[in-house]
Structures are given as structure tokens and as C-alpha cells.
Undergrad: 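Just passing along the structure, written as C-alpha cells.
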Amino acid sequence: MKIYLDVCCLNRPFDDQRQARIRLEAEAVLAVITRVDSHGWQIMQPR
């Protein structure tokens, strides 16, 4: 599976985690990155 993550998604784990929405988004991004490592997914680069 190929996945495209916008740069703002990749920065989300470094944002202030005190707001629930930001914390959930950060957890989701980290979950996707974990699956890329463990399931052989590919992160696509923009063209």
C-alpha cells in the first residue's frame, strides 16, 4: 500500500499535546508510521 502524508501531518507529533484533537491526530500519524515499518507500506513522495 502506498501512503502520502502531508508535511503538516508529520509535524503533528511535535505540536502541543494538551488539546485532545491534536493528541489524537498525533497518535494517528504515529500509528500510520508504525504500520509503514511493520507492514511494508510505502510513503509516497509528492511529484
Side-chain angles (χ1 to χ4, degrees):
M1 177 180 294
K2 294 181 181 180
I3 305 243
Y4 172 77
L5 296 175
D6 192 290
V7 175
C8 66
C9 292
L10 298 174
N11 285 327
R12 187 52 92 188
F14 301 103
D15 290 339
D16 185 358
Q17 301 292 309
R18 289 180 282 180
Q19 293 182 24
R21 179 182 58 86
I22 293 173
R23 187 173 54 254
L24 289 173
E25 289 174 2
E27 290 173 6
V29 169
L30 293 173
V32 168
I33 291 171
T34 299
R35 290 202 176 204
V36 166
D37 287 338
S38 65
H39 289 80
W41 293 0
Q42 294 178 322
I43 296 180
M44 295 177 54
Q45 296 179 9
R47 293 185 184 223

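Everything numeric in this text was worked out from a predicted model, so none of it was measured.
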Undergrad: Got more than 12 heavy atoms from elsewhere within 6.0 Å of OH, Y4?
TA: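 Atom OH in Y4 is packed in, count exceeds 12.
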Undergrad: List the residues meeting side-chain hydrogen bond (donor to acceptor under 3.5 Å, both in side chains) with D15, not counting sequence neighbours, and say none if there are none.
TA: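 Per chain and number, D15 pairs via side-chain hydrogen bond (donor to acceptor under 3.5 Å, both in side chains) with R12.
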Undergrad: Please identify each residue that fulfils side-chain hydrogen bond (donor to acceptor under 3.5 Å, both in side chains) with D16, with sequence neighbours left out.
TA: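 With neighbours one apart ignored, the set is R18.
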Undergrad: Atom CG in L24, atom CD in Q17: separation rounded to 0.5 Å?
TA: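 L24 CG to Q17 CD: 9.5 Å, rounded to 0.5 Å.
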Undergrad: Is L10 linked to V36 within one hydrophobic cluster, defined over Ile, Leu, Val, Met, Phe, Trp and Tyr using a side-chain heavy-atom separation of less than 4.5 Å?
TA: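 Cluster IDs for L10 and V36 match.
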Undergrad: To the nearest 0.5 angstrom, please state how far the CG atom of N11 sits from the CG atom of L5.
TA: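 Rounded to the nearest 0.5 Å, the CG-CG separation comes out at 11.5 Å.
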Undergrad: Closest approach of V32 and W41, non-hydrogen atoms and distance?
TA: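 Closest heavy-atom pair between V32 and W41: O-CE3, 4.5 Å.
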Undergrad: Measure the CZ-CD distance between R23 and E25 for me, rounded to the nearest 0.5 Å.
TA: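 One gets 11.5 Å once the value is rounded to the nearest 0.5 Å.
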Undergrad: Of the non-hydrogen atoms in P13 and A26, which two are nearest, and what is the gap between them?
TA: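 In this case the closest contact between P13 and A26 is CA-CB, 3.7 Å.
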